[in-house]
Amino acid sequence: EVQLVESGGGLVQAGGSLRVSCAVSGFTYDDYAIGWFRQAPGKEREAVSCISSHDGTTYYADSVKGRFTISSDNGKNTVYLQMNNLAPEDTAVYYCAAAGFPSTAAMSGSLAEYDYWGQGTPVTVSS
């Protein structure tokens, strides 16, 4: 059974930093993509960042480029999202998800490419 478990969310002041983690288990694909997505109240879920297991290629949404960094620790089967210079508009529930192949669509943040999802971790940025 594939499981993704997020952790590390919380409350932070604007300009602060936070690192969220995604522990992946039961995933047996040789090449895959892990993505971070977020959903703010009243808004649609959107892609934030993703990383390919094949070659480490990454994708970032324009709104987080230069502030967020995705990384993976294959030994721990964990993917991290380091979030710096956080702003109130970053407030959302952050979800990690896994795609069974790092397709162009998956690596462009297409939600439809991701079959497995975690339960989410809330991030609140106060002004």
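Y59 and F68 are not part of a single hydrophobic cluster, where members link through side-chain heavy atoms under 4.5 Å apart. Under the 4.5 Å side-chain contact rule for hydrophobic residues, V12 and V64 share a cluster. Under a hydrophobic-cluster definition in which Ile, Leu, Val, Met, Phe, Trp and Tyr are linked whenever side-chain heavy atoms come within less than 4.5 Å, directly or via other members, W36 and V2 are assigned to the same cluster. By the criterion of side-chain heavy atoms lying less than 4.5 angstrom apart, applied directly or through intervening Ile, Leu, Val, Met, Phe, Trp or Tyr residues, Y116 is grouped together with V24 in one hydrophobic cluster. Criterion: ILVMFWY side-chain heavy atoms under 4.5 Å apart, direct or through other members. Under it, V20 and V79 are part of a common hydrophobic cluster.
With sequence neighbours excluded, the residues forming a ring pair (Phe, Tyr, Trp, His ring centres under 6.0 Å) with Y32 are F27, listed by chain and number. Taking the side-chain contact (heavy atoms from CB on, under 4.5 Å) definition, one finds that A23 meets it with T78, sequence neighbours left out. By the side-chain contact (heavy atoms from CB on, under 4.5 Å) test, S52 is found to be paired with H54, D55, T57, P102, M107, residues two or more places apart in sequence or in another chain being considered. Remark: D62 pairs with K65 by the side-chain contact (heavy atoms from CB on, under 4.5 Å) rule, at least two apart or across chains. Scored by the side-chain contact (heavy atoms from CB on, under 4.5 Å) test, S25 finds Q3 as partners (sequence neighbours excluded).
Put simply, CD1 on I51 and OG1 on T58 are 6.5 Å apart, with the number rounded to the nearest 0.5 Å.
Contacts classified as disulfide (SG to SG under 2.5 Å) and involving residues 26-64 (residues at least two apart or in different chains) are not found. Judged as a salt bridge (charged side-chain N to carboxylate O under 4.0 Å, His left out), not a single pair has a partner in residues 115-126 (not counting sequence neighbours).
Hydrophobic clustering, defined by side-chain heavy atoms of Ile, Leu, Val, Met, Phe, Trp and Tyr closer than 4.5 Å, leaves F101 isolated from every other such residue. Under a 4.5 Å side-chain heavy-atom cut-off, the cluster of Ile, Leu, Val, Met, Phe, Trp and Tyr residues that includes V5 has no other member.
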Donor-acceptor pairs are to be reported for all side-chain atoms of residues 82-98 against protein atoms at under 3.5 Å, with residues two or more places apart or in another chain.
residue : atom : partner : partner atom : Å
Q82     : NE2  : N84     : OD1          : 2.9
N84     : OD1  : S17     : OG           : 2.9
D90     : OD1  : R38     : NH1          : 2.9
D90     : OD1  : R67     : NH2          : 3.0
D90     : OD2  : R67     : NH1          : 2.7
D90     : OD2  : R67     : NH2          : 3.4
D90     : OD2  : A87     : N            : 2.8
T91     : OG1  : P88     : O            : 2.9
T91     : OG1  : V125    : N            : 2.9
T91     : OG1  : V125    : O            : 3.4
Y94     : OH   : R38     : NH1          : 3.0
Y94     : OH   : D90     : O            : 2.6

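Under a cutoff of 6.0 Å and an axis angle of 45°, R45 and F37 do not form a cation-pi pair.
Without hydrogens or angle criteria, E6 side chain to G120 main chain gives a donor-acceptor distance under 3.5 Å. S110 places no side-chain N or O within donor-acceptor distance of the main-chain N or O of A105, the cut-off being under 3.5 Å. Y60 places a side-chain N or O within 3.5 Å of a backbone atom of I70 that can act as its donor or acceptor partner.
Side-chain contact between S49 and L81 is present, with heavy atoms from C-beta onward closer than 4.5 Å.
The minimum heavy-atom distance linking Q39 with K43 is given by the pair NE2-O, 3.1 Å.
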